[in-house]
Amino acid sequence: RSRQIAFRFVALNFSAPEKIEVRHQLIGVDPAPIETKGEPIAVYSQIPPGKYQMHVTACNQDGVWNDVGDTLSFVVLAAWWQTWWFKILVVLALTALVVWIARYVSHRRLKSKLRQLEYENSIERERARIARDLHDDFGGSITQIRLLAERIKRHAEPLEFKNAAAVLATQARQLSGELESIIWTV
């Protein structure tokens with residue numbers, strides 16, 4: 001919808017109406033008075049909201065201008081989208097939108113981080129389980145082999161069996177140490 005204001009000026013002169021001239025100025029819009037000849041009309045478009053005064057003077061058929069003239073005061077009201085409450089509402093809505101977007105992005109990042117931490121935690125639990133199983137299964141078996149080798153070494157008769165049992169016990173001890181380091185690495 002176009003915001004247009006039109007002023008029609010009337011000056012009574014029954015002897016020579018065609019010689020009447022009007023000078024008008026919309027204070028706050030027109031920098032100087034404007035003279036109209038013929039049909040005295042003034043049209044203004046898109047005047048911003050505010051208080052205005054239309055000052056009008058007329059000239060008779062002898063060319064004598066009225067010095068005082070007449071003034072009409074009026075107010076152009078703001079459209080609803082130009083009001084202060086609407087501007088505050090827009091600022092609040094934009095602020096709420098920015099806060100919501102920031103919260104949404106932050107929430108998504110936190111969920112992603114939580115999923116990553118849960119994944120890493122499950123991997124650590126699996127590693128710990130594997131290390132326990134290795135320690136329990138292989139560690140027990142190696143210890144049993146070492147103990148049997150020690151027993152054979154103490155009770156075996158030929159020197160050859162004793163030496164073989166000693167080598168077996170030493171290798172079982174080394175294997176047990178290496179297994180322990182593998183378990184701690186895992």
Side-chain angles (χ1 to χ4, degrees), residues 1-134 181-186:
R1 156 179 103 107
S2 160
R3 293 184 52 171
Q4 193 175 53
I5 298 174
F7 297 93
R8 292 187 190 277
F9 307 109
V10 177
L12 296 177
N13 185 343
F14 296 116
S15 59
E18 68 280 351
K19 291 188 174 184
I20 293 179
E21 293 181 33
V22 175
R23 189 182 291 157
H24 64 85
Q25 180 182 11
L26 184 57
I27 299 172
V29 176
D30 294 331
I34 301 170
E35 289 188 23
T36 57
K37 295 181 180 180
E39 185 177 353
I41 187 169
V43 179
Y44 295 92
S45 297
Q46 302 299 325
I47 297 176
K51 295 180 180 180
Y52 296 96
Q53 289 184 340
M54 174 59 81
H55 185 69
V56 181
T57 55
C59 174
N60 63 15
Q61 74 268 11
D62 297 328
V64 178
W65 286 93
N66 180 344
D67 292 331
V68 178
D70 200 5
T71 302
L72 170 69
S73 296
F74 63 97
V75 176
V76 175
L77 298 175
W80 62 272
W81 63 87
Q82 295 172 320
T83 58
W84 63 269
W85 58 265
F86 180 75
K87 291 176 184 175
I88 289 175
L89 188 66
V90 167
V91 168
L92 289 175
L94 289 176
T95 303
L97 180 64
V98 168
V99 167
W100 181 81
I101 289 172
R103 185 180 180 282
Y104 178 76
V105 168
S106 174
H107 188 67
R108 285 189 51 119
R109 282 185 185 164
L110 285 175
K111 273 188 168 181
S112 174
K113 185 71 172 171
L114 182 63
R115 278 193 301 268
Q116 179 67 26
L117 289 174
E118 287 174 346
Y119 175 73
E120 290 173 5
N121 190 23
S122 69
I123 288 175
E124 287 300 319
R125 282 194 312 264
E126 186 64 19
R127 284 181 180 164
R129 185 192 64 78
I130 291 171
R132 261 193 327 273
D133 290 348
L134 281 174
S181 68
I182 288 172
I183 289 171
W184 281 109
T185 302
V186 170

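Numbering of residues begins at 1 and proceeds along the displayed sequence. It should be emphasised that the depicted structure is a prediction, and the values quoted were computed from it without experimental measurement.
Proximity of Glu21 to Trp65: side-chain heavy atoms (C-beta onward) are separated by under 4.5 Å at one or more points. With contacts defined as side-chain heavy-atom distances shorter than 4.5 Å, the pair Ile47/Tyr52 qualifies. For the pair Asp67/Thr57, no side-chain contact is recorded, criterion being any heavy-atom separation below 4.5 Å from C-beta on. Residues Leu110 and Arg108 fail the side-chain proximity criterion, which asks for heavy atoms closer than 4.5 Å. Residues Met54 and Tyr44 form a side-chain contact, since some pair of their non-hydrogen atoms from C-beta on lies under 4.5 Å apart. Contact check for Val98 versus Trp100: no side-chain heavy atoms found under the 4.5 Å cut-off. A heavy-atom distance below 4.5 Å is found between the side chains of Gln4 and Val43. With a 4.5 Å cut-off on side-chain heavy atoms, His107 and Lys111 count as touching.
A donor-acceptor contact shorter than 3.5 Å links the side chain of Asn60 to the backbone of Asp62. No side-chain donor-acceptor contact under 3.5 Å links Asn121 to the backbone of Leu117. Side chain of Gln25 to main chain of Asp30: a donor-acceptor pair is present (N/O by atom type, distance under 3.5 Å, no hydrogens or angles). A donor-acceptor pair under 3.5 Å links the side-chain atoms of Thr36 to the main chain of Val22, judged by distance alone.
Atoms NE2 and CZ, on His55 and Arg23 in that order, are 9.5 Å from each other to the nearest 0.5 Å. Here the straight-line distance linking atom CG of Leu89 with atom CH2 of Trp81 works out to 15.5 Å at 0.5 Å rounding. Taking OG from Ser106 and CD1 from Ile101, the interatomic distance works out to 13.5 Å, rounded to the nearest 0.5 Å. Between the CZ atom in Arg125 and the CD atom in Glu120 there is a gap of 12.0 Å [rounded to 0.5 Å].
Residue Trp85 places its CH2 atom among more than 12 non-hydrogen atoms of other residues, nucleotides or ligands, all under 6.0 Å distant. In Arg103, the CZ atom is not crowded: 12 or fewer heavy atoms of neighbouring residues, nucleotides or ligands sit closer than 6.0 Å.
Of the charged side-chain nitrogens involved, at least one lies within less than 4.0 Å of a carboxylate oxygen, so that Glu126 and Arg129 count as a salt-bridged pair.
A pairwise comparison of heavy atoms in Phe74 and Val76 identifies CE1-CG2, 3.8 Å as the closest pair.
Residues Phe7 and His24 keep their aromatic ring centres 6.0 Å or farther apart. Between Trp80 and Phe86, the distance separating the two ring centers is shorter than 6.0 angstrom.
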